[in-house]
Amino acid sequence: MGKDKPSNFLFDIISSDLKSGKHAGRVLTRFPPEPNGYLHIGHAKAICLNFGLAESFGGKTNLRFDDTNPVTEKTEYVESIRNDISWLGFGWAGEYYTSDYFETLFSYAIQLIEKGLAYVDDSTPEEIASGKGTPTEAGLPSPYRNRGIAENLDLLQRMRKGEYKDGEKVLRAKIDMASPNMHLRDPIVYRIKHASHHRTGDEWCIYPMYDFAHGQSDSIEHITHSICTLEFEIHRPLYDWFIESLEIYPSQQYEFARLNLNYTVMSKRKLLELVEGNHVSGWDDPRMPTISGLRRRGYTPESIRHFCDMVGVARREHVIDIGQLEFAIREDLNIKAQRAMVVMDPIKLVIQNYPDGETESLQSENNPNAENKGGFRDLTFSKELWIERADFMETPSRKFHRLAPGQHVRLKSAFIVRCESFSKNEKGEISEVVCTYFPESKSGSDTSGIKAKGVIHWVSTMQAIPVEIRLYDRLFREEFPLKGTADFKESLNPDSLRIIERALAEPFLSQTRPGDHFQFLRTGYFCTDPDSVDGKPVFNRTVGLRDAWSRQQKQ
RNA sequence: UGUCCCGUAGUGUAACUGGCAACACGUCUGAUUUUGAUUCAGAAGAGUCCAGGUUCGAGCCCUGGCGGGACAACCA
């Protein structure tokens, strides 16, 4: 399945580069996260592309932390990023940090000055901003634009030595203040930041800007294809300008459209806002589109990689329906997940013709869709069972295939029962259903000749264990949370988490470990949460089963 | 009144150097089913933003519109 990945424009570019011998038959890509937040599903797409493309051409991929802004970056993020990439199943050739290149980058700056292509500007940030002009009006040259080379060199060294305060001076490339591309209007190359860096500590007080770091870092590593998202497209002329001016290895940048999903947000800044505002429990909250959130939710690496293959790559902006992601995980878990029966909202079912105090052992397949049905496990059957409240109706609609007075139903992997009567509590809720069972209708050896229209799940009251279930729904109730409201947090779905404190489950679930995947029969896929403690497992709903019945009900 | 990018079924992605638009998800039927799941079979749904042009022939090439997006952080 999915053996042939559909072709895409990046694949085509690399193919033809290889054919033309452009990089001497070499393919080296890189994944360049800034360690200022956790990776999300959008990054997964970039990871799959960079690693996947390289892999399909026998090339390699570097991991490079783009750490040029010490005030937002942390080692905690470095670790989570490394962990997430490995978890997705990718291994990187070299692990680098842009900060490893600070000294080289500084020497590049000197070269630029010596070539008359950079100058130190004493203007204030406001002056620089206004001097840039607008997209439709040319900018004005800075009064410091024509400083001599020697003076520039001296000033840059003194910037490095820490003789100036933040913002007092910057180094700018001398390109073209009238360029229609704003990024070419003498972009800032180095700025002063007296801030401690997560790796270089206080060694530096000047830091290179993205544009002066990224392309050169690619070049230093001899990256052949530098793949990034569309918003950097307009930076490409600058990327090329630095490489040409410095006469260094000509890495090439290619852009693709970033992944967007409906009913969620996909920017690190916004995700950080959700974390810091306690709208979620953390970066790995199962409702987050982060890789760690998806992992905790129960998504598998395979499902995420397959999803990334399915959505493809192109240069046009798009929004993928979250249903596509759900399809990917259902498809994977269908063949992998152990089945179990868990009653979420229990009512008691009493079998009037079953002997008091007796039990019998029945067998049920662990996964009917896996090879050899995944083996079998034992279930304990008895006179009193828990069944789902929703599986009984006092006055059923015509198409209701479950329990109702006089109606037959099969208890999964057990017997057919017929509903004889029921009782209600003071509040008028169903409290108990009384049935008779047909001993000769035992699953696998049914000779009763009785046909049951439906099958329901159950668990024996004496053996059942209590478990906590966390039912997750989409984090936002708006398809496009950013549209229409001033604050995207107003679109948060108040019902994105519903906790069932005490569901009743098959006893073998007491043995589960965090990260285990299950399909709770007729309900959905679930994953054991790290919050589980001995005697009280906690399960996150990854995704519900497809449900033609409820869809039909809604219509 | 600027520059650049993009425009193919509801969604997303294909269509080798032009040869009567394909795949996936979704939707709808029907069959099977001890999960109203899965599986299987089938159907509907675009004539490729619009208008011209080149060509025997254009989603692919050209021109002009229209529509969407990006660009003025000492962020990446």
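Excluded from the calculations below are hydrogen atoms, water molecules and symmetry mates; all remaining heavy atoms, backbone and side chain alike, are included. To find a chain, count down the sequence lines: A is the first, B the second, and so on, and within it residues start at 1.
- Proximity note for A:Gln324 (side chain, C-beta onward) versus B:A24, B:G36, B:C75: the nearest is B:A24.
- Rounded to whole angstrom, the span from the CG atom of A:Leu261 across to the C1' atom of B:U11 amounts to 12 Å.
- For A:Lys268, no side-chain nitrogen or oxygen approaches OP1 or OP2 of B:C75 to under 4.0 Å.
- Atoms CZ (A:Phe256) and C1' (B:C5) sit 15 Å apart, rounded to a whole Å.
- Per the geometry, NE2 belonging to A:His306 stands 13 Å off C1' belonging to B:G12, to the nearest Å.
- The ring of A:Tyr525 has its center no closer than 6.0 angstrom to the ring center of A:Phe520.
- In this structure, A:Glu326 atom CD and B:A37 atom P are separated by 16 Å, rounded to whole Å.
- Ring orientation note: the planes of A:Tyr101 and A:Tyr96 are tilted relative to one another, at an angle of 30° to 60°.
- A salt bridge links A:Arg258 to A:Glu231: one of the charged nitrogens lies within less than 4.0 Å of a carboxylate oxygen.
- For the P atoms, the distance linking B:U54 with B:G26 amounts to 46 Å, nearest Å.
- Of the candidates B:C74, B:A76, B:A14, the closest approach to any side-chain atom of A:Glu34 belongs to B:A76.
- Contacts of A:Met341 with the nucleic acid, taken as non-hydrogen atoms under 4.0 Å apart, are absent.
- Lacking a ring centre under 5.5 Å from that of the base six-membered ring together with a plane angle below 30°, A:Tyr210 does not count as stacked on B:A76.
- Atom C1' of B:A44 sits at a distance of 30 Å from the matching atom of B:C6, rounded to the whole Å.
- Rounding to whole angstrom units, NE2 of residue A:His401 and P of B:U35 are separated by 13 Å.
- Rounded to whole angstrom, the span from the CZ atom of A:Phe11 across to the P atom of B:U13 amounts to 18 Å.
- An aromatic stacking contact between A:His318 and the base of B:G12 is absent, as defined here by ring centres under 5.5 Å apart and ring planes under 30° from parallel.
- Between B:A15, B:C5, B:G2, one nucleotide has an atom nearer to the side chain of A:Arg315 than all others, and that is B:C5.
- The side-chain heavy atoms of A:Leu509 and A:Phe518, taken from C-beta on, include a pair separated by under 4.5 Å.
- Residue A:Glu137 is classed as having no contact, given no heavy-atom separation below 4.0 Å to the nucleic acid.
- For the pair A:Lys442 and A:Tyr525, nearest-nucleotide mapping onto RNA chain B gives the more 5' position to A:Lys442.
- Using a 4.0 Å heavy-atom distance criterion, A:Tyr190 is classed as making no nucleic acid contact.
- The side chain of A:Asn8 lies closest to B:A14, out of B:U35, B:G26, B:A14.
- Between the side chain of A:His235 and the base of B:A76 there is at least one donor-acceptor pair of N/O atoms closer than 3.5 Å.
- Taking atom CG on A:Asn367 and atom P on B:A37, their separation rounds to 16 Å, with Å as the unit.
- The 5' end of RNA chain B is approached more closely, in terms of each residue's nearest nucleotide, by A:Ile456 than by the other of A:Ile188 and A:Ile456.
- At least one side-chain heavy atom of A:Gln519 sits under 4.5 Å from a side-chain heavy atom of A:Leu545.
- With distances taken from any side-chain atom of A:Arg522 to the nucleotides B:C74, B:U35, B:A14, the minimum falls on B:U35.
- Relative to the side chain of A:Thr68, the nucleotides B:A76, B:C74, B:U13 differ in distance, and B:A76 lies closest.
- Annotated as anti: B:G10, whose glycosidic dihedral deviates from 0 by more than 90°.
- Taking the C1' atom of each, B:C49 and B:G68 are spaced 11 Å apart, rounded to whole Å.
- A side-chain N or O of A:Tyr119 and one of A:Asp186 form a donor-acceptor pair less than 3.5 Å apart.
- Ring pair A:Trp458/A:Phe381 is perpendicular by interplanar angle, where above 60° counts as perpendicular and below 30° as parallel.
- An OP1 or OP2 oxygen of B:U8 is reached within less than 4.0 angstrom by a side-chain nitrogen or oxygen of A:Arg316.
- The phosphate of B:U1 has neither OP1 nor OP2 within less than 4.0 Å of any side-chain N or O from A:Thr136.
- Less than 6.0 angstrom separates the ring centroid of A:Phe102 from the ring centroid of A:His197.
- Between A:Arg551 and B:U27 there is a side-chain polar atom (N or O) within less than 4.0 angstrom of OP1 or OP2.
- Nucleic acid contact class of A:Gly139 (heavy atoms, under 4.0 Å, all strands): none.
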Check nucleotides 66-72 of chain B for protein N or O atoms closer than 3.5 Å to its own N or O atoms and list the pairs.
{"unit_1": "B:G69", "atom_1": "O2'", "unit_2": "A:Glu317", "atom_2": "OE1", "d": "3.1"}
{"unit_1": "B:G69", "atom_1": "O2'", "unit_2": "A:Glu317", "atom_2": "OE2", "d": "2.6"}

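- If you check every strand for non-hydrogen atoms under 4.0 Å, A:Ser267 touches nothing.
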How far apart are the C-alpha atoms of A:Leu155 and A:Leu171, what are their side-chain angles, what is the distance that settles it, and do they pass the side-chain contact (heavy atoms from CB on, under 4.5 Å) test?
CA-CA 9 Å; A:Leu155 256 15; A:Leu171 182 70; over 6 Å; no

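- A tilted orientation is assigned to the rings of A:Phe57 and A:Phe11, their planes being inclined by 30° to 60°.
- Look at the C1' atom in both B:A41 and B:U55: the space between them is 43 Å, to the nearest Å.
- Using P as the reference atom, B:G64 and B:C60 are 16 Å apart when rounded to the nearest Å.
- Taking the six-membered ring where tryptophan is involved, the planes of A:His214 and A:Tyr239 are tilted, since the angle between them lies from 30° to 60°.
- At the heavy-atom level, A:Val455 lies under 4.0 Å from the strands shown only through sugar-phosphate atoms.
- OP1 or OP2 of B:U3 has not a single side-chain nitrogen or oxygen of A:Arg236 nearer than 4.0 Å.
- Across B:A21 and B:G59, the matching C1' atoms stand 8 Å from one another, rounded to whole Å.
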Could you list, one pair per line, each protein nitrogen or oxygen that sits under 3.5 Å from a nitrogen or oxygen of nucleotides 38-40 of chain B, together with the distance?
{"unit_1": "B:U38", "atom_1": "OP1", "unit_2": "A:Arg546", "atom_2": "NH1", "d": "3.4"}
{"unit_1": "B:U38", "atom_1": "OP2", "unit_2": "A:Arg546", "atom_2": "NH1", "d": "3.4"}
{"unit_1": "B:U38", "atom_1": "O2'", "unit_2": "A:Asn334", "atom_2": "ND2", "d": "3.0"}
{"unit_1": "B:U38", "atom_1": "O2'", "unit_2": "A:Asn369", "atom_2": "ND2", "d": "3.4"}

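- A straight line from CD1 of A:Ile329 to P of B:C25 spans 16 Å, rounded to a whole angstrom.
- The aromatic rings of A:Phe212 and A:Phe242 lie perpendicular to each other, with more than 60° between the two planes, well past the 30° mark.
- With sequence neighbours excluded, the residues satisfying ring-ring contact (aromatic ring centres under 6.0 Å, His included) with A:His235 are A:His183, A:Tyr210, A:Phe232.
- Rounded to a whole angstrom, the distance from the C1' atom of B:A73 to that of B:U17 is 45 Å.
- With C1' as the reference atom, B:C20 and B:C62 are 23 Å apart, rounded to whole Å.
- The side chain of A:Asp547 lies closest to B:G36, out of B:A76, B:G36, B:G26.
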